[in-house]
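Heads up, the thing below is written out as structure tokens.
A note on names: the letters A, B, ... follow the listed sequences, proteins ahead of strands, and every chain is numbered from 1.
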Protein chains: 2
Amino acid sequence: MSLCETDDFQSVSQTLNVMSVKTDPVVKRHDLGMDHHVATCRAELVAVLTTLRNGMPEVLTLQDGHCLPAGPLETEHTSLQRGLRHWVEQQTGFRLGHVEQLYTFGDAAQAQQDRLVRISYMALTRGGQTQSGWQSWYTYFPWEDRRTNACHTSLKTIQDHLKSWAGDQTDRLERCNQVFGLNGENWNDDTVLERYELLWEAGLVPEAGPNSVPQINGQSMLWDHRRILATALSRLRAKIRYTPAVFELVPEEFTLLHLQQAMEALSGRLMHKQNFRRLVQNQQLVEETDRYESGVQGRPARLYRFRRENSENCYLSGAELPLDYIS
Amino acid sequence: MSLCETDDFQSVSQTLNVMSVKTDPVVKRHDLGMDHHVATCRAELVAVLTTLRNGMPEVLTLQDGHCLPAGPLETEHTSLQRGLRHWVEQQTGFRLGHVEQLYTFGDAAQAQQDRLVRISYMALTRGGQTQSGWQSWYTYFPWEDRRTNACHTSLKTIQDHLKSWAGDQTDRLERCNQVFGLNGENWNDDTVLERYELLWEAGLVPEAGPNSVPQINGQSMLWDHRRILATALSRLRAKIRYTPAVFELVPEEFTLLHLQQAMEALSGRLMHKQNFRRLVQNQQLVEETDRYESGVQGRPARLYRFRRENSENCYLSGAELPLDYIS
DNA sequence: ATACTATATGCTCAATTAGAGCATAATAGA
DNA sequence: TCTATTATGCTCTAATTGAGCATATAGTAT
């Protein structure tokens with residue numbers, strides 16, 4: 001929600017310790033707490049940069065798709081975001097625009113002196129990028145693309161494995177049903193992360209360790225980066241439904257079908273064309289231009305433009321109509 | 001959205017570097033990146049614990065309401081969450097239940113070797129707490145409680161100051177209108193953080209520094225903790241609308257009016273009684289008990305219980321009816 | 001030119017949900 | 001018994017949503 005732009009403390013706030021509090025033991029307490037055992041950390045900054053190309057949502061990766069742009073916070077970086085920008089630019093040549101924090105992972109498993117804290121961010125960009133290293137989201141999460149029947153084979157396999165993992169433990173069964181919508185339950189687009197974590201827990205992804213039995217398609221990543229990617233997809237799918245974030249991914253001028261296909265690519269589901277159009281127009285999210293698309297078959301579609309003025313409180317939800325499921 | 005329970009990496013994921021990637025330069029790159037300049041950090045863990053008491057949402061504080069429970073990550077802590085739990089328990093005696101990460105702030109303003117990274121969390125608990133130090137949310141954000149006319153004085157003052165800050169800069173004016181709903185625009189319950197940050201930017205809260213002119217009521221906090229609190233309120237207000245999170249704040253058995261008042265306290269707005277009841281019952285979020293409330297005036301109200309089974313995909317939105325605004 | 005195909009766009013109709021408020025029921029206390 | 005007070009049931013209208021038919025406008029094959 002909050003596109004918190006200022007990621008970092010204002011310097012002034014550091015000087016506030018003496019302000020408006022009579023008793024000073026607060027400061028003492030903190031000092032006391034820090035005099036022993038305080039762990040030193042390195043902070044690593046990880047970026048999930050998303051774009052749309054050819055109706056596919058893509059993410060910027062390194063190393064043949066096996067990890068995300070990332071790097072440690074350095075003393076020269078004057079803020080977390082600036083550190084992130086530095087690494088992404090250095091590693092991919094890309095200059096980030098607006099950025100949204102996702103989640104902070106701490107390494108763990110045992111007490112230790114040297115720690116790694118991984119702070120992940122999400123950013124969006126319009127298509128037409130020149131960098132190499134863009135990979136489709138659904139390379140990593142084939143089961144999340146429900147626009148075609150292709151996902152069914154992937155889902156069928158997953159469901160079989162999940163069932164045998166759950167056995168007759170009702171709590172496991174119930175979670176599988178919830179998260180993957182096994183029996184009649186609804187599939188929730190937004191719970192990408194929950195699904196991935198369930199697969200992890202069930203040992204069905206290679207990241208789960210050497211004892212896992214990864215018989216599921218979908219490419220893995222190093223250093224838990226695929227979990228970070230799942231977090232990003234969850235967030236973005238939720239976000240496009242209550243903010244006009246899609247418009248950061250489509251060109252300045254677009255047809256309503258382009259817009260719809262962008263929503264479909266991100267949410268992984270097909271929508272009802274006429275109703276989608278009605279929704280968008282009622283919300284007054286867009287305004288007509290006097291131009292039309294050219295060079296395509298059929299009646300040419302009018303080009304529209306995003307109406308920035310109005311639209312802070314509008315959203316682009318509903319109008320979902322999964323099509324042709326059980327083929 | 002994602003109640004990501006596992007805050008931390010699995011240990012196995014650390015051993016993955018050798019897996020499924022032919023070329024190893026990834027590891028090299030990271031090593032190279034870290035050989036100079038890497039900043040060392042301390043991680044501080046901050047908790048926003050919320051409860052409901054007497055129809056008021058309250059937060060657990062220290063030092064007479066001037067800061068939140070917090071402490072540094074220590075070597076003994078085997079995860080960020082466990083560190084958080086340790087500090088909260090040590091400082092307040094309270095044992096946290098489920099916890100949700102909010103945001104990570106990095107200190108900044110200048111390049112430096114020793115850094116502080118502040119990782120904030122939110123947790124909910126039922127009423128009946130014995131600790132001292134609970135403070136009403138609206139002590140810190142009086143303008144956010146729109147259930148009574150009391151907020152109007154606070155809001156009026158704010159609007160006047162904001163207008164004089166904006167002057168005739170249209171971008172500032174537009175933001176004020178958006179965020180505080182100055183002219184006809186809708187007030188968005190969820191944007192607590194945006195409002196607080198706007199006040200900061202306008203120099204209307206003391207945290208904004210020595211040059212600020214804090215002529216607005218609402219108690220301030222140390223170390224940017226009030227911003228963390230604002231983040232928590234934003235998150236919680238959003239969350240209760242698409243998950244059954246309210247039920248973590250009301251007793252096992254409750255009347256529908258209790259439930260409504262809980263929603264009202266959190267969202268800061270009044271709702272239409274009959275329609276709220278209709279909504280809750282249609283969603284099948286609750287089930288009847290055979291018991292009734294006693295000891296109050298009027299017809300006794302039936303007690304209900306949360307239906308955990310069904311309700312993952314249900315929400316408790318709509319039914320908002322601000323009452324008696326312009327008195 | 002004509003038929004055919006493909007897409008865009010306009011419009012309808014029924015079902016459901018939301019907004020507002022009236023009416024009745026059930027209690028405690030005067 | 002009467003009154004104040006709260007709970008709960010119900011109605012009525014206005015919007016919104018889900019589904020799909022019909023028409024418009026282009027390119028392409030015959």
Side-chain angles (χ1 to χ4, degrees), chain A residues 55 186-187 189 241-242 250 253-264 267 269-305 313-326, chain B residues 55 186 189 241-242 250 253-264 267 269-305 313-325:
Chain A
N186 286 340
W187 177 275
D189 300 340
R241 285 200 279 96
Y242 57 87
V250 295
E253 298 194 345
F254 47 83
T255 69
L256 294 185
L257 184 62
H258 289 156
L259 189 63
Q260 179 181 344
Q261 286 170 337
M263 290 291 284
E264 291 177 336
S267 69
R269 323 194 85 187
L270 296 176
M271 296 179 187
H272 184 286
K273 189 167 175 173
Q274 294 96 321
N275 291 346
F276 179 82
R277 152 185 295 274
R278 178 175 64 188
L279 183 77
V280 173
Q281 292 180 317
N282 284 353
Q283 303 276 172
Q284 303 196 292
L285 275 170
V286 297
E287 61 192 3
E288 289 185 353
T289 70
D290 50 0
R291 311 204 308 136
Y292 292 83
E293 199 187 19
S294 61
V296 288
Q297 255 205 339
R299 176 173 171 178
R302 183 183 285 277
L303 291 174
Y304 288 80
R305 188 186 300 121
N313 291 318
C314 287
Y315 59 103
L316 251 178
S317 176
E320 296 185 50
L321 182 141
L323 199 142
D324 185 35
Y325 259 126
I326 314 104
Chain B
N186 286 339
D189 300 340
R241 285 201 278 98
Y242 57 87
V250 295
E253 298 194 346
F254 48 83
T255 70
L256 294 185
L257 184 62
H258 290 157
L259 189 63
Q260 179 181 345
Q261 287 170 336
M263 291 290 284
E264 290 177 336
S267 69
R269 322 194 85 187
L270 294 176
M271 296 177 188
H272 184 288
K273 189 168 176 173
Q274 295 96 321
N275 291 347
F276 179 83
R277 151 185 295 273
R278 178 175 63 187
L279 184 77
V280 173
Q281 291 179 317
N282 284 353
Q283 304 274 176
Q284 303 197 292
L285 276 169
V286 298
E287 60 192 4
E288 289 186 352
T289 69
D290 50 359
R291 311 204 307 137
Y292 292 84
E293 198 188 18
S294 61
V296 288
Q297 252 204 339
R299 175 173 169 179
R302 184 183 285 276
L303 292 173
Y304 289 79
R305 187 185 301 121
N313 291 318
C314 287
Y315 59 102
L316 250 178
S317 176
E320 297 186 50
L321 183 140
L323 199 143
D324 184 37
Y325 259 127

What heavy-atom pair brings B:Ala262 and B:Val250 nearest, and what distance separates the two atoms? CB-CG1, 3.7 Å
Taking every non-hydrogen atom, the tightest pair across B:Asp290 and B:Arg302: CA-NH1, 4.0 Å
Using 0.5 Å steps for rounding, measure from the [atom1] atom of [X] to the [atom2] atom of [Y].
X: A:Gln274; Y: A:Arg278; atom1: CD; atom2: CZ; answer: 9.5 Å
X: B:Arg291; Y: B:Thr255; atom1: CZ; atom2: OG1; answer: 12.5 Å
X: A:Glu293; Y: A:Arg299; atom1: CD; atom2: CZ; answer: 13.0 Å

Could you state the atom-to-atom distance from [atom1] of [X] to [atom2] of [N] in whole Å?
X: A:His258; N: C:dA8; atom1: NE2; atom2: P; result: 8 Å
X: A:Glu293; N: D:dT25; atom1: CD; atom2: P; result: 17 Å
X: A:His272; N: C:dT12; atom1: NE2; atom2: C1'; result: 12 Å
X: B:Gln260; N: D:dT6; atom1: CD; atom2: C1'; result: 12 Å
X: A:Asn282; N: C:dC11; atom1: CG; atom2: P; result: 13 Å

Yes or no on side chain to side chain contact (heavy atoms under 4.5 Å, CB included) for A:Leu256 and A:Gln260, after CA distance, side-chain angles and deciding distance? CA-CA 6 Å; A:Leu256 294 185; A:Gln260 179 181 344; over 6 Å; no
Listed pairs, N/O of protein and of nucleotides 8-10 of chain D, under 3.5 Å:
from  : atom 1 : to       : atom 2 : distance (Å)
D:dT8 : OP1    : B:Arg302 : N      : 2.8
D:dT8 : OP2    : B:Arg277 : NH2    : 2.3
D:dT8 : O5'    : B:Arg277 : NH2    : 3.2
D:dG9 : O6     : B:Gln274 : NE2    : 3.4

Assuming nearest nucleotide by heavy-atom distance, tell me which of B:Gly298 and A:Val296 is located more 5' along DNA chain D. B:Gly298
Apply side chain to side chain contact (heavy atoms under 4.5 Å, CB included) to residues A:Tyr304 and A:Glu288 and explain how you reach the verdict. CA-CA 5 Å; A:Tyr304 288 80; A:Glu288 289 185 353; 3.7 Å; yes
Sub-3.5 Å pairs of nitrogen or oxygen atoms, protein against nucleotides 1-5 of chain C:
none

Return yes if some donor-acceptor pair links the side-chain N/O of A:Glu264 with the main-chain N/O of A:Met271 below 3.5 Å, else return no. yes
